[in-house]
Amino acid sequence: MWEFSLYKIGQILLPFAKRKVGFVAWVKVYLSYLSDILDRLRALRVVSIRDARMTPQICYLEEYLNDMFNTTGISIQNDGALLGPWCFYDMPPVGEVDFYAVEPDNYCYANHVTTEIDFVVAVPWALEAECSTIAAYVQKFKMVGKSFIIQMK
């Protein structure tokens, strides 16, 4: 039903006496705006069906993101324990208030600043400019109450 040509239908519905080159061209120009609306409706239908089939499961979310950005590099890791060396102390050292670094890549936070991450979305460096869009889609489809971060790989 969705794969038909509005131009062909317009030409078939013309009376035989009116099927001259100029008149057929005029009818096609007249139908071009309707054809554009129909093409947009078809694209919206495809996106809506894909969104309706979407579930908050990790495998579907990963497949959805990879299809959206035409890549296979986006992956979702289930546990946030892969975030790196985190050190937790009762209070910061003297003179430091919010956070402090023991080593250049090792950040230590006080106990009251802790946060739990439920999953990590690993994105290739080629999609660095699309991180905000990826985060918006993950936020839209993730389960309520789950938190995530995006890591570049």
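Heavy-atom basis, side chains included; hydrogens, waters and symmetry copies ignored.
Summarising the local packing, CE of M152 is surrounded by more than 12 heavy atoms from other residues, nucleotides or ligands at distances under 6.0 Å. No more than 12 heavy-atom neighbours from other residues, nucleotides or ligands sit within 6.0 angstrom of NZ on K28. Heavy-atom neighbours of K20 NZ from other residues, nucleotides or ligands within 6.0 Å: at or below the threshold of 12.
Cluster membership check: V29 does not share its hydrophobic cluster with V24, using side-chain heavy-atom separations under 4.5 Å among Ile, Leu, Val, Met, Phe, Trp and Tyr.
Other residues sharing the hydrophobic cluster of V21, ordered by chain and number and joined by side-chain separations under 4.5 Å: none, the residue standing alone. Residue I12 belongs to no hydrophobic cluster, having no ILVMFWY side-chain heavy atom closer than 4.5 Å to its own.
With salt bridges taken as basic N to acidic carboxylate O contacts below 4.0 Å, none links D67 and R50.
Side-chain atoms of Y7 and V27, non-hydrogen and from C-beta on, never get closer than 4.5 Å to each other. Residues F141 and D51 meet the side-chain proximity criterion, which asks for heavy atoms closer than 4.5 Å.
In this structure, F119 and F148 have parallel ring planes: the angle between them is below the 30° cut-off, well short of the 60° mark.
Between L34 and L6, the shortest heavy-atom contact is CB-CD2, 3.6 Å. Heavy-atom minimum distance, V123 versus C131: CG1-SG, 4.5 Å.
Note that CG of L61 is 11.5 Å distant from NZ of K140, once rounded to the nearest 0.5 Å. Summarising the geometry, atom CD belonging to Q151 is positioned 9.5 Å from atom OG belonging to S75; distances are rounded to the nearest 0.5 Å. How far CD1 of I150 is from CD of E130: 11.0 Å, rounded to the nearest 0.5 Å.
For the pair R42 and F4, the cation-pi criterion (under 6.0 Å, within 45° of the ring axis) is fulfilled.
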